[in-house]
Amino acid sequence: MAQREYNFTDIETKWQGYWEGCCLFHTDDSKKKDKFYCLVMFPYPSGTLHVGHGRNYIIGDVVARYKIMKGYNVLSPIGWDAFGLPAENAAIKGGTHPAAWTHKNIKAMKHQLRRWGVGYDWDREVTSCNPDYYKWTQWIFLKLYENDLAYKKKAAVNWCPSCSTVLANEQVVDGCCERCDSPVRQRDLVQWFFRISDYAQKLLDDLSLLEGWPERVKTMQANWIGRSEGVRIDFRLEGSGEILPCFTTRPDTLYGVTFVSLAPEHPVIEQLVTGSPCEGEVMAFVERARNQGMVERTAEDAVKEGIFTGTYVINPVNNTKVPLWIGNYVLMEYGTGAVMGVPAHDQRDFLFSKKYHLPVKAVIQPEGESLYAETMKEAFTGEGVQVNSEAFNGMLNTRAMVAIAEHLEMKGLGKRTVTYRLRDWLISRQRYWGAPIPIIYCETCGTVPVPESQLPVLLPEEIEFLPQGMNPLAKIDSFVNTTCPKCAAPAKREVDTMDTFVDSSWYFLRYLSPKDNNQPFDKKKVNEWLPVDQYIGGVEHAILHLLYSRFITKALYDLDFIGCKEPFHHLFTQGMIIKNGAKMSKSKGNVVSPEVLIEKYGADTQRLYTLFIGPPQKDAEWNDRGVPGAHRFLNRLWQKVVEFEESYAKVGRTQIDMQKLPPKAKAIYRQTNQTIKKITDDLDTSWHFNTAIASIMELLNNIDSFKVVAPRNTGEELEFRVFRYSMETILLLMAPFVPHICEELWEAMGHKPSIFHNKWPEYDKDAIQEEEVEIVIQVNSKVRSHISVPVDISDKKLKECVMKDERVISYIEGKTVVKTIIIPKKLVNIVVK
RNA sequence: GGGCGAGUGGUGGAAUGGCAGACACGAAGGACUUAAAAUCCUUUGACCUUAAACGGUUGUGUGGGUUCGACUCCCACCUCGCCCACCA
């Protein structure tokens with residue numbers, strides 16, 4: 001009788017339908033089992049998925065299926081991060097409405113996820129561009145606004161004068177507009193911010209709670225928050241005596257200050273130069289520096305430029321008069337927007353002083369050396385001893401840092417402060433395809449939040465997309481014109497929308513009650529299900545998305561909306577899929593489409609290859625030629641099981657007694673148990689799916705050489721039962737990786753579906769113990785021989801055996817044994833002279 | 001410039017102080033076939049020795065160190081990738 005073929009297409013369709021039918025991934029909140037919230041970063045619906053994207057969802061699916069078999073109540077939801085610029089660009093280019101474009105892509109991607117056999121609780125699907133979702137994004141904005149965590153201020157945007165439109169950073173290429181190539185300028189607009197900087201310390205401190213996060217992600221976040229301790233020193237303007245605070249982390253260099261430099265944006269500049277002879281020149285410089293834009297101004301080899309304001313300031317510590325400059329390298333957003341210039345001990349200041357012929361004054365000497373300002377070729381930034389620093393001379397500069405700071409505080413000339421690099425989160429976008437900011441401007445009442453009862457502020461559907469002009473919403477009169485919620489007078493709506501990172505910083509809360517029309521999330525359910533047990537996504541989100549989500553979670557916690565301080569308990573960041581030396585992406589033109597592979601080899605093959613390609617936390621090179629290898633393995637597994645399809649039911653199912661097994665069957669039984677241990681350990685800790693799969697391949701290779709026959713007499717039956725046990729174990733162990741084929745073969749072996757309703761196999765502790773071990777014998781650290789000995793052999797006995805070995809004898813003959821090193825169960829090294 | 005990774009056969013990778021190259025891919029040879037595909041078997045880091053087997057030497061980016069023993073730990077350097085970047 002001809003054997004059944006491995007018809008993966010039919011099998012995969014069958015089981016995908018089955019899982020949906022039996023609600024395998026449907027999560028019932030009321031279940032009493034331990035919960036496991038498994039979350040993959042929800043995708044942006046940009047078009048279609050390629051095999052590189054697949055890695056993320058396949059890993060998530062493996063974990064979810066494994067935890068189901070381990071008996072957890074697993075929640076594995078999915079949704080769509082559906083607002084954003086590409087949809088709007090597509091509208092400008094192709095004339096499709098962003099909503100239509102987005103929903104078309106969602107449909108296509110949903111189909112792809114299904115065909116991968118990736119399971120989700122589709123009843124919980126959320127789509128961030130739907131009003132029933134963004135209503136609550138707006139609600140979060142209102143809560144932050146009510147609690148002074150959202151505010152507005154002027155901030156610069158990239159402005160293309162020729163398109164007269166605002167550009168996102170990624171639309172600026174080499175300082176020019178990506179569309180028309182004209183130089184981008186900076187323009188100030190009033191924009192909305194979230195006060196994430198208020199949470200800088202908490203976000204930093206609580207990194208220590210995140211035990212299940214990779215160290216490198218925590219380090220990246222800590223660096224991004226960028227806490228630095230320093231001193232605010234109050235310089236005084238000559239003449240007016242007005243205070244000009246400067247921030248420094250190096251108060252020990254205070255006596256070496258030879259100038260002070262302001263950011264071009266510094267508010268004091270205008271009042272200083274107005275009416276002065278250099279006004280025109282200075283304001284022209286400021287204008288130029290500001291239009292340089294951040295891109296150019298912060299470039300690696302940016303030229304340091306400055307201009308003298310004509311004013312002097314007084315160094316509070318010694319009343320020295322130094323010139324006040326403006327420097328394009330000084331940032332208004334960091335510290336106080338004014339820095340003290342110490343050319344002798346800061347490289348940037350050194351270069352600046354050389355360019356503008358400002359004096360250099362050394363105040364720290366390296367031990368045993370003397371620095372002379374005239375001969376210095378670069379700034380000295382190391383540790384040393386204070387000189388030219390009055391009372392502090394002779395002190396180590398590290399001590400002087402503290403001493404000078406204390407001195408300044410005592411005299412009321414400054415204050416020790418902590419500064420963070422983290423800046424407030426600018427959430428305004430001058431775009432259509434985002435959640436409208438729920439704010440109304442009234443001539444009498446000012447800025448008025450939209451009342452909760454009037455949410456959502458709906459995006460108008462009828463809209464024109466042009467490559468030019470301000471925010472498209474500003475042109476829709478019916479949207480802009482409204483009435484003030486307070487006084488009912490005619491008023492105007494805010495026309496900016498929110499950064500899409502706002503949408504994605506709370507979606508994991510919405511999954512818990514996705515259809516609730518009365519509240520954004522159910523506090524009780526949030527407290528039950530959060531934190532997310534396992535979050536899986538790309539390392540490119542290590543900073544922004546993960547920090548914003550942490551911030552929103554903390555803010556909601558402080559406002560008592562949820563009882564959880566940190567959203568994600570364990571984080572897994574998978575590596576990129578590389579093809580031909582570059583990240584797989586549409587723009588690089590190196591994408592591999594899953595459809596072709598699925599048609600030719602099936603989804604299980606693609607899953608297996610993706611998992612086998614390398615450790616998932618590392619980048620991996622995709623090689624199409626490797627795919628048939630994965631398929632070959634599945635085919636072999638198929639043949640092996642199906643070959644005996646008729647026999648499985650005929651043999652009894654009593655416990656196997658290992659001691660009664662013939663040697664070969666015993667070895668297979670032992671290896672099967674060792675494989676259970678190996679795979680379970682891999683899934684629980686290291687996630688090295690590649691070596692997990694390799695160990696199953698090894699097991700199957702050995703089973704192959706264990707010529708099984710369909711049982712006819714009693715002795716054969718015993719061997720056949722070991723074979724059946726091993727094959728069943730392989731199916732259970734492989735089920736999370738390649739679920740379709742395992743379901744089908746599980747059924748072929750005489751079981752009722754689903755394989756996922758079975759318990760994860762456990763290994764027999766006695767069975768994994770080897771009786772004999774092979775010992776490596778080295779002479780002078782070179783491998784010279786091997787012997788096989790019982791595991792429990794004593795060191796003395798082992799040494800005796802080793803010394804009897806012929807090859808050992810020939811190597812140590814005529815030499816003196818200096819020492820013998822014995823590593824139990826592994827190796828013996830004889831050192832001779 | 002700062003931070004974080006990574007460098008192992010023709011390729012993806014394995015080994016985290018103890019036999020380097022597991023498991024795959026590819027390649028070469030063979031079996032089956034009218035033929036091809038599929039499948040199965042054998043070989044496969046380099047070099048030396050040998051009729052063959054056995055054997056030997058060498059080998060994990062470079063140079064040093066620690067150790068009986070180093071891909072693995074320490075120091076210095078080179079190269080590549082990612083993230084950030086004039087942060088006072």
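The two residues A:Ala692 and A:Ile679 come nearest to each other via the heavy atoms O-CD1, 3.2 Å. Of all heavy-atom pairs between A:Thr258 and A:Pro359, the closest is OG1-O, 2.9 Å. The shortest heavy-atom contact between A:Tyr356 and A:Glu305 is OH-CA, 3.4 Å. Here the closest non-hydrogen pair linking A:Ser788 and A:Glu772 is OG-OE1, 3.2 Å.
Figure legend. B:rC82 is base-paired to B:rG3; pairs are counted as Watson-Crick or G-U wobble with both atom distances under 3.5 Å. When Watson-Crick and G-U wobble pairs are counted only if both distances are under 3.5 Å, B:rA24 pairs with B:rU11. B:rU57 is paired with B:rA46 under the criterion used here, namely a Watson-Crick or G-U wobble arrangement in which both key atom distances are under 3.5 Å. The nucleotide B:rA76 finds its pairing partner in B:rU62, both defining distances of the Watson-Crick or G-U wobble pair being shorter than 3.5 Å. Using Watson-Crick or G-U wobble geometry with both donor-acceptor distances under 3.5 Å, B:rU39 finds its partner in B:rA31. Nucleotide B:rC71: unpaired (no Watson-Crick or G-U wobble partner with both distances less than 3.5 Å).
You'll find a donor-acceptor pair under 3.5 Å spanning the side chain of A:Arg423 and the base of B:rC87, going by distance alone.
For the pair A:Ile577 CD1 and B:rG81 C1', the interatomic distance rounds to 15 Å; values are reported in whole Å. Taking atom CZ of A:Phe612 as the reference point, atom C1' of B:rC25 lies 9 Å away to the nearest angstrom. What separates CZ of A:Arg625 from P of B:rA24 is a distance of 17 Å, to the nearest Å. Atom-to-atom, CD of A:Glu621 to C1' of B:rG7 comes out at 15 Å; the value is rounded to the nearest Å. What separates CZ of A:Arg348 from C1' of B:rC87 is a distance of 7 Å, to the nearest Å. Atom CH2 of A:Trp213 and atom P of B:rC4 are 18 Å apart (whole Å). We find that CG of A:Leu331 is positioned 11 Å from P of B:rA85, with the value rounded to whole Å. Rounded to an integer number of Å, the gap from CG of A:Leu351 to P of B:rA88 is 17 Å.
Across all strands, A:Pro628 comes closer than 4.0 Å to no nucleic acid atom at all (heavy-atom distances). Residue contacts for A:Thr820: at a heavy-atom cut-off of 4.0 Å it reaches no nucleic acid atom on any strand shown. Contact annotation for A:Ile821: base contact, defined as any heavy-atom pair under 4.0 Å involving a base atom. At the heavy-atom level, A:Glu215 lies nowhere under 4.0 Å from the strands shown. Residue A:Asn690 is classed as a sugar-phosphate contact, given heavy-atom separations below 4.0 Å to backbone atoms only. Backbone-only engagement by A:Ile543 is indicated by non-hydrogen atom pairs under 4.0 Å involving sugar-phosphate atoms exclusively. Among the protein residues, A:Gln778 comes within range of the nucleic acid bases, having at least one heavy atom under 4.0 Å from a base atom. Counting any heavy atom pair closer than 4.0 Å across all strands shown, A:Val776 reaches a base atom. Residue contacts for A:Trp224: at a heavy-atom cut-off of 4.0 Å it reaches the sugar-phosphate backbone alone, with no base atom in range. A:Asp619 comes within 4.0 angstrom of the backbone, heavy atoms only, and of no base. As judged by a 4.0 angstrom heavy-atom cut-off over every strand, A:Gly335 is placed among residues making no nucleic acid contact. Note on A:His688: nothing from the nucleic acid sits closer than 4.0 angstrom, heavy atoms only.
Across the P atoms, B:rG26 and B:rA38 are found 10 Å apart, a figure rounded to whole Å. Comparing B:rU34 with B:rU43, their P atoms sit 28 Å apart, to the nearest whole Å. To the nearest whole angstrom, the two C1' atoms, one in B:rG56 and one in B:rG65, are 29 Å apart. Straight-line distance between the P atoms of B:rU57 and B:rG3: roughly 44 Å, to the nearest whole Å. For B:rA53 and B:rA46, the P atoms lie 15 Å apart once the distance is rounded to whole Å. With both ends at atom P, the span from B:rA70 to B:rC84 equals 41 Å, rounded to whole Å.
Remark: A:Tyr334 is in phosphate contact with B:rA88, judged by side-chain N or O atoms under 4.0 Å from OP1 or OP2. A sub-4.0 Å separation between OP1 or OP2 of B:rA22 and a side-chain N or O of A:Ser695 is absent. At B:rC87, none of the side-chain N or O atoms of A:Arg227 fall inside 4.0 Å of OP1 or OP2 (strictly under the cut-off). Distances shorter than 4.0 Å separate none of the side-chain N or O atoms of A:Arg421 from OP1 or OP2 on B:rC86. Taking 4.0 angstrom as the limit, A:Tyr811 places none of its side-chain polar atoms (N or O) nearer than this to OP1 or OP2 of B:rG55. An OP1 or OP2 oxygen of B:rA24 is reached within less than 4.0 angstrom by a side-chain nitrogen or oxygen of A:Asn701. Considering only side-chain N and O atoms, A:Arg632 lies under 4.0 angstrom from the phosphate OP1 or OP2 of B:rU39. Between A:Lys782 and B:rU58, a side-chain N or O to OP1/OP2 separation shorter than 4.0 Å is present. A sub-4.0 Å separation between OP1 or OP2 of B:rC83 and a side-chain N or O of A:Asn223 is absent. The side chain of A:Arg636 contributes no N or O atom lying less than 4.0 Å from OP1 or OP2 of B:rU39.
Side-chain proximity of A:Thr219 to B:rC23, B:rC4, B:rG18: nearest is B:rC4. Listed nucleotides B:rA88, B:rC68, B:rU11 differ in distance to A:Thr248; the shortest reach to its side chain belongs to B:rA88. Of the candidate nucleotides B:rC19, B:rA22, B:rG56, B:rA22 has the atom lying nearest to any side-chain atom of A:Thr691.
Base orientation of B:rG9: syn, since the glycosidic angle falls within 90° of 0.
Checked for salt-bridge contact, A:Asp795 and A:Lys799 miss the test: no charged N lies under 4.0 Å from a carboxylate O. Between A:Asp234 and A:Arg232 a salt bridge is recorded (basic side-chain N to carboxylate O distance below 4.0 Å). The existence of a salt bridge linking A:Arg250 and A:Asp346 is excluded, since no basic side-chain nitrogen approaches an acidic carboxylate oxygen closer than 4.0 Å.
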(request) Take A:Phe352 and A:Trp325 through the test ring-ring contact (aromatic ring centres under 6.0 Å, His included) and record every step on the way to the result. (result) CA-CA 11 Å; A:Phe352 196 78; A:Trp325 284 64; 5.7 Å; yes
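Nearer the 5' end of RNA chain B, as judged by each residue's closest nucleotide, is the contact made by A:Ala620, out of A:Ala620 and A:Lys819. With the nearest nucleotide of RNA chain B identified for both A:Lys618 and A:Ala338, A:Lys618 has the one nearer the 5' end.
A:His266 places no side-chain N or O within 3.5 Å of a backbone atom of A:Ala263 that could act as its donor or acceptor partner.
Here the two rings, on A:Phe8 and A:His631, have centers that are under 6.0 Å apart.
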